[in-house]
Amino acid sequence: MTSMLYSRYFIPTMKETPSDAEVVSHQLMLRAGMIRKLASGIYNYLPLGLRSIRKFENIVREEMNKADAIEMLMPSVQPAELWQESGRWAFYGKELLRFKDRKEAEFCMGPTHEEVITDMVRREIKSYRQMPLNFYQVQTKFRDEIRPRFGLMRGREFIMKDAYSFDVDSDAADLSYEKMFNAYMRIFERCGLNFRAVEADTGSIGGSSSHEFMVLADSGEDAIVSCDACRYAANIEKAESPLFTSSCDATHGALQKVSTPEMKTIVDVAGFLKVAPDQTIKTLVYASDTGEIAMALLRGDHELNELKLKNYLGWDEILMASEEQILACTGSPVGFLGPIGLKQDIPVIADRVVKGMVNVVMGANEKDQHYINANRGRDFEVSGFVDIRTVEAGDACPRCESGKLEMWRGIEVGHVFKLGTKYSKALNATYLDANGKEQIIFMGCYGIGIGRTVAAAIEQNHDENGIIFPIPIAPFQCSVVAVNTKDAGVMASAEEIYLCLEKLGVEVLFDDRDERPGIKFKDNDLIGIPLRIVVGSKGLAEGKVELKIRSTGEVQSVPLGEVAATVKQLVEAALRND
RNA sequence: CGGGAUGUAGCGCAGCCUGGUAGCGCACCUGCUUCGGGAGCAGGGGGUCGCAAGUUCAAUUCUUGUCAUCCCGACCA
């Protein structure tokens, strides 16, 4: 079933864009008849969409198998007990869809499978001799996302490849991690995607370190930076800020309070006092969900990275403090905050850059008042210097001497984590080492969003006429368009080419529909078939057909008898991209 | 969950302000013509106007409620 007659297939294309689809990949997947929405974040995969998804899955399977991962399949319905044991039943929140069976026993739809796989492994793995092990599956996940959006990009039900590695110790686990990392690199390279592997925050999955695989696209939900000189790349949530060296030889001026009526922003204050914004300190107050308060200090022209601050403080949630909270700890309205003369003893976290600043301008904790010539040590103290700044394009690379950071938007299509013993400890997954001593297993977990990757590929490869599929994940590699189905010669030649391609193992869609040529061309462009052979009576008179390459628009006239071989070569060249 | 918006035929939309029982384009069906970039003419089918109350002689239109969907934020493959 690699090839297909268009007239007998099912590709419900749409001429107009549905109004509720915002991003290009969503619009095009709907228009190309790949998906249809059943409910918010829940989609039918129509035949064409499923073909692309299966193609990508198979690439993933091949690379997983090559990396010694073993395929299995776990259920999507999971018992509450396991989640209670790992502690996530309480922590996962509303994203975990829970329900009861007829006996009132509690279950959930699996959003991920650490619990289930670890449970299996702890029952079956007893000896160091059985490791390393890596299990993977391609399976439907359910996460009751707060806001599903963008079609397959952020669905509630979605197909994911997840893999879990089990090793005897941290070093062995690092090797497993590296193997998966390299497999992921190959997977996305094989698909012809423009992507970056970036250092990332581990988020709710936990563990010690992780990398995200980001397909570069303007519509991406994540911001990432990469060095133009070395290999450093990171999610902006995680990206380290380079250390700024400041000259500290300036003599300390006298601290002075000055009136700054209605000057609430750094720009206002700096302009009013005629100083550069980098001579000011920005003061922000944050609160945790449990009511803890902390103050953050940054150079005036810098932006805070909330995640860095949150991780440093160890809070579960971080929120801008309310006006009441701010008034209580500083005695001042927003706009004039500073670390001098606080009403409450709260931690004051300063960005590392603040350390070298002297004679700065900062809020005086009094309406319409700022200080000038404020100096740390003499006028105020901080509880710690921490990197809490959001990096910017053009920043120096934190890893190499010469590089500058470039900024991109990315779609997260894969994520690899070193989990350590987080789950194995909670679920008591242990083995006996060579000395007969019980040890805790080290784990890693590795995910790829299957549907999301297909969507990301479309996001990155399209034009005004529709999708331009990379050959490895195209639903069909080639199409044969018979210009006029009433012309027996045209139909006979087209069919001959179709059968020949099929015999050569090319996945071909034969557009044999009794439609006007314009409709066929538009449909073929829309659904993104990479190669198109057009059989028309004019060309046929000279024994030639037209071969068009979707991505470049290049058109060549090829002798009837040679076109199948030519296509076969093009397809093979594209698939050999490993 | 907070903020914003929208629900009228498969898709895209108009009508609603100023109540009188629904219309346009595309798609679909029939016929003829057409046939290398979403054809033309003629005829035709299809709608509980998201749902429920209320006001009214009368509600797609006004009021209230409710549900659904989409967009902006926190979460994530």
Side-chain angles (χ1 to χ4, degrees), chain A residues 12-23 26-27 30-31 33 36-42 60 92-96 111-113 138-163 184 200-205 210 212-215 221-222 235 237 289 306-307 310 316-320 410-417 445-456 465-466 481-487 490 513-526 532 534-540 545-546 548 555:
Chain A
T13 58
M14 284 187 271
K15 198 166 166 181
E16 286 180 275
T17 304
S19 57
D20 56 1
E22 199 70 12
V23 300
H26 186 197
Q27 294 173 346
L30 287 168
R31 287 190 54 208
R36 288 290 184 266
K37 184 174 69 186
L38 180 64
S40 179
I42 300 177
V60 171
Y92 216 99
K94 286 189 175 168
E95 218 175 281
L96 187 64
T112 176
H113 282 67
V138 178
Q139 195 257 5
T140 298
K141 300 279 183 281
F142 194 95
R143 293 181 190 173
D144 201 357
E145 293 274 352
I146 299 164
R147 187 152 86 85
R149 59 186 139 165
F150 304 156
L152 295 196
M153 208 78 96
R154 181 179 298 281
R156 292 194 290 173
E157 185 178 295
F158 60 99
I159 303 171
M160 177 170 160
K161 187 286 301 180
D162 45 330
Y184 274 42
D201 188 71
T202 52
S204 65
I205 303 279
S210 79
E212 290 167 333
F213 290 77
M214 295 281 189
V215 168
E221 295 182 86
D222 290 273
N235 191 308
E237 294 176 345
D289 51 333
E306 287 188 4
L307 193 65
K310 173 183 149 209
D316 285 335
E317 246 183 278
I318 189 161
L319 307 157
M320 296 286 291
I411 299 165
E412 183 192 354
V413 291
H415 204 158
V416 292
F417 298 85
C445 77
Y446 317 91
I448 291 180
I450 301 288
R452 183 184 282 184
T453 303
V454 173
N465 292 318
V481 176
V483 172
N484 187 345
T485 52
K486 301 273 189 338
D487 184 323
V490 165
R513 293 175 299 166
D514 182 18
E515 292 285 358
R516 295 168 55 81
I519 291 179
K520 297 189 181 188
F521 294 147
K522 288 287 184 190
D523 274 342
N524 275 271
D525 283 351
L526 177 60
R532 185 182 77 195
V534 179
V535 184
S537 50
K538 287 176 204 160
L540 219 50
V545 295
E546 172 189 304
K548 183 165 183 178
V555 180

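A, B, ... follow the sequence lines: proteins, then strands. Residue 1 opens every chain.
- One can find a donor-acceptor pair under 3.5 Å joining the base of B:G25 and the side-chain atoms of A:E16.
- Using C1' as the reference atom, B:A74 and B:U56 are 47 Å apart when rounded to the nearest Å.
- For the side-chain contact (heavy atoms from CB on, under 4.5 Å) test, residues two or more places apart in sequence or in another chain that qualify with A:N465 are A:D463, A:K522, A:D525, A:R550.
- Base pairing analysis places B:U18 opposite nothing; no Watson-Crick or G-U wobble pair with both distances below 3.5 Å involves it.
- Contacts of A:N465 with the nucleic acid, taken as non-hydrogen atoms under 4.0 Å apart, are absent.
- Using N1 to N3 plus N6-O4 or O6-N4 for Watson-Crick, or N1-O2 and O6-N3 for G-U wobble, each under 3.5 Å, B:C24 pairs with B:G12.
- When both distances must be under 3.5 Å, the Watson-Crick or G-U wobble mate of B:C32 is B:G40.
- In this structure, the nucleotide among B:A77, B:C72, B:C11 sitting nearest to the side chain of A:R149 is B:C72.
- Listed pair A:R147 / B:C71 meets the phosphate criterion, a side-chain N or O lying under 4.0 Å from OP1 or OP2.
- The residue among A:R31 and A:L152 whose nearest nucleotide of RNA chain B is located toward the 5' end is A:R31.
- Backbone-only engagement by A:T17 is indicated by non-hydrogen atom pairs under 4.0 Å involving sugar-phosphate atoms exclusively.
- Under 3.5 Å, the side chain of A:R532 and the base of B:G37 form at least one donor-acceptor pair of N or O atoms.
- Residues meeting the salt bridge (Lys or Arg N to Asp or Glu O under 4.0 Å) test with A:K310, sequence neighbours left out: none.
- Pair check for B:U6 finds B:A68; Watson-Crick or G-U wobble, both atom distances under 3.5 Å.
- Using the Watson-Crick or G-U wobble rule with both distances under 3.5 Å, B:C49 pairs with nothing in any strand shown.
- Evaluation of A:F521 against the base of B:G38 yields no stacking contact (centre distance < 5.5 Å, interplanar angle < 30° required).
- Checking B:U56 for Watson-Crick or G-U wobble geometry (two distances, each under 3.5 Å) identifies no partner in any strand.
- Checking B:C75 for Watson-Crick or G-U wobble geometry (two distances, each under 3.5 Å) identifies no partner in any strand.
- Checked against B:C11, B:C13, B:A77, the side chain of A:S19 finds its nearest nucleotide in B:C13.
- The nucleotide whose nearest atom lies closest to any side-chain atom of A:E22 is, among B:G36, B:C71, B:A39, B:C71.
- Of the P atoms belonging to B:U63 and B:C76, the separation is 42 Å, rounded to the nearest Å.
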